Amino acid sequence: MKKTIFAALDGNNPDRNIIEEAGVIIKNGGLVAFPTETVYGLGGDALQSASSRKIYAAKGRPSDNPLIVHICRWEDMERIVVRIPAAAVKLADAFWPGPLTMILEKSDAVPAETTGGLSTVAVRMPAHPAALALIAAAGGYVAAPSANTSGRPSPTRAEHVREDMDGRIDMIVDGGGTEIGLESTIVDLTGNVPVILRPGFITKEMIEETLQTAVEADRSLPAAGQAPKAPGMKYRHYAPRGEMTVVSGNREAVTRTIVRLAAEKRRVGEKVGIICTDETRSFYDADCVASAGGGTDAETVARHLYEILRSFDSRQVTCIYSEAFSGEGIGQAVMNRLLKAAGHHILEVS
Ligand code: AMP
Ligand code: MG
């Protein structure tokens with residue numbers, strides 16, 4: 001067990017001493033969890049292979065699942081990629097700093113451990129002031145996957161990081177709750193056509209508008225025997241401990257079905273959690289009923305989703321029903337994470 005240092009700061013006006021201390025830890029090969037605008041990241045020096053190995057170990061993450069390299073200055077791209085395509089310049093102009101990760105051909109400066117052995121590297125410039133300051137203090141290149149144990153929902157508060165990482169890493173920087181609450185959009189720019197490997201706050205439509213070209217969305221899991229494009233996609237991510245089902249259809253049928261299934265499960269001794277909206281909350285009676293927000297407010301739903309899944313875990317919920325959410329805008333990303341959490345178990349009702 002390591003002694004983990006906890007340090008709270010104001011995310012918008014980060015304390016210089018804390019940032020310096022965190023930067024030194026990362027430069028010396030240690031690990032620091034820190035807030036970004038998406039979720040909390042688990043940061044190590046992206047250019048030291050030993051740091052990346054430590055990240056995999058702390059998360060219990062398979063080492064073929066590559067890490068995202070976080071930078072804080074556009075000029076720093078040059079050292080880690082062999083070529084900067086025109087699309088990357090346009091996307092960075094439009095969305096950086098922000099919740100967009102780009103996949104590019106990596107240079108020799110990036111160790112194979114950081115990219116899970118791939119010849120490409122994922123790069124993002126986050127928008128959070130504390131994250132930007134910390135990356136600069138750490139030398140400019142911070143590999144940071146989400147700061148959760150592999151397979152658990154990503155952390156949106158420092159308390160979530162503490163649950164998973166206390167005693168396993170050197171420091172946790174607490175900057176309060178994260179604004180977006182879901183991981184960054186990932187776009188692969190290494191082929192002829194840009195491909196969205198993971199939906200997020202920056203939508204396909206926003207990227208198409210910026211690039212003025214069609215963009216593909218790769219939402220399917222890879223076929224057996226085929227190397228997955230975003231290796232993370234083959235794992236059951238974002239998984240709560242309870243068995244989860246997403247119920248989709250018109251509102252009346254959805255609420256009626258969840259009410260019935262929840263009652264059946266409770267009769268046989270299951271502890272039931274329900275994820276719903278402000279509008280439907282009053283219909284339900286279960287062990288844990290959580291509204292993620294207004295039914296038309298996908299941004300609020302995104303911000304609350306992982307926290308709800310974690311609260312169900314800590315209350316030992318064994319069976320979860322979630323209403324499906326509208327797939328517009330960031331709603332696409334919400335549905336993507338919900339379906340992953342549910343192991344793609346969806347019930348269509350009418
Ligand atoms: P996380 O940092 O926990 O949000 O996970 C990072 C995600 O980015 C995983 O799903 C990875 O598989 C994906 N990723 C990272 N690097 C690459 C890469 N070079 N090519 C494709 N996907 C990547
Ligand atoms: Mg993750």
Side-chain angles (χ1 to χ4, degrees), residues 31 33-44 46 51-52 55-56 58-71 77 80-83 88 99-107 109-126 131 141-156 160-161 164-165 178 180-191 194-202 216-222 226-240 302 305-306 309-310 333 336-337 340-341:
L31 302 185
F34 62 97
T36 79
E37 76 278 28
T38 58
V39 300
Y40 273 76
L42 175 54
S51 296
S52 293
I55 291 176
Y56 292 116
K59 279 179 69 76
R61 177 171 177 148
S63 59
D64 65 346
N65 188 359
L67 310 175
I68 294 173
V69 178
H70 292 72
I71 61 173
M77 279 277 266
I80 54 172
V81 304
V82 288
R83 197 174 63 83
L100 179 72
T101 296
M102 301 191 228
I103 309 289
L104 299 164
E105 301 292 342
K106 85 171 190 74
S107 77
V110 186
E113 282 81 356
T114 301
T115 64
L118 295 178
S119 61
T120 55
V121 60
V123 192
R124 174 163 109 86
M125 191 191 295
Y141 302 93
V142 174
S146 48
N148 52 288
T149 301
S150 190
R152 294 211 67 204
S154 295
T156 56
H160 303 162
V161 180
D164 288 10
M165 294 296 157
T178 59
I180 294 178
L182 295 181
E183 305 84 348
S184 59
T185 305
I186 302 182
V187 59
D188 182 355
L189 298 179
T190 62
V195 182
I196 311 265
L197 302 182
R198 178 172 74 186
F201 185 82
I202 308 294
E216 281 175 23
D218 178 342
R219 269 196 242 125
S220 57
L221 288 163
Q226 190 190 324
K229 261 283 190 175
M233 301 202 306
K234 76 182 170 197
Y235 302 103
R236 181 171 176 231
H237 254 185
Y238 325 111
L305 182 63
Y306 287 148
L309 292 176
R310 276 184 179 261
N336 169 272
R337 307 306 195 275
K340 280 191 169 191

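For the single chain, residues carry numbers from 1 onward in sequence order. Since the structure is predicted, the reported quantities are computational estimates derived from the model, not experimental observations. Numbering of ligands and ligand atoms starts at 1, following listing order.
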With sequence neighbours excluded, tell me which residues meet side-chain contact (heavy atoms from CB on, under 4.5 Å) with Lys59. Leu42, Ile55, Arg61, Pro145, Ser146, Asn148, Met165
For ligand 1, which atoms sit closer than 4.0 Å to a heavy atom of [X]?
{"X": "Leu118", "value": "18 (C), 19 (N), 20 (N)"}
{"X": "Arg198", "value": "1 (P), 4 (O), 5 (O), 7 (C)"}
{"X": "Ser146", "value": "1 (P), 2 (O), 3 (O)"}

Contact region, Arg61 to ligand 1, non-hydrogen atoms below 4.0 Å, reads side chain
Quick look: Lys106 vs ligand 1, heavy-atom contacts under 4.0 Å, and the answer is neither
Would you tell me which option among Thr101, Asn65, Leu42 has the nearest heavy-atom contact to atom 9 (C) of ligand 1? Asn65
If you measure from atom 8 (O) of ligand 1 to every heavy atom of Thr38, Leu182, Ile186, which option wins on shortest distance? Ile186
If we count only N and O atoms by modelled type, under 3.5 Å, do the side chains of Arg337 and Ser154 hold a donor and an acceptor together? no
Does any N, O or S atom in Ser146 come within less than 2.8 Å of the Mg ion (ligand 2)? yes
Judging by distance only, is a nitrogen or oxygen of Glu183 under 3.5 angstrom from one on ligand 1? no
Is there at least one pair of N or O atoms, one from Thr120 and one from ligand 1, spaced under 3.5 Å apart? yes
Nearest atoms (heavy-atom pairs only) where Ile80 meets Val121: O-CG1, 3.8 Å
If you define the side chain from C-beta out and look only at heavy atoms, does anything of Glu183 sit under 4.5 Å from Ile68? no
Out of curiosity, Ser52 OG to Leu31 CG, how far, rounded to the nearest 0.5 Å? 9.0 Å
Would you give the length of the straight line joining atom OG1 of Thr185 to atom CE of Met102, rounded to the nearest 0.5 angstrom? 11.5 Å
Thr101 meets the side-chain hydrogen bond (donor to acceptor under 3.5 Å, both in side chains) criterion, sequence neighbours left out, with Ser184
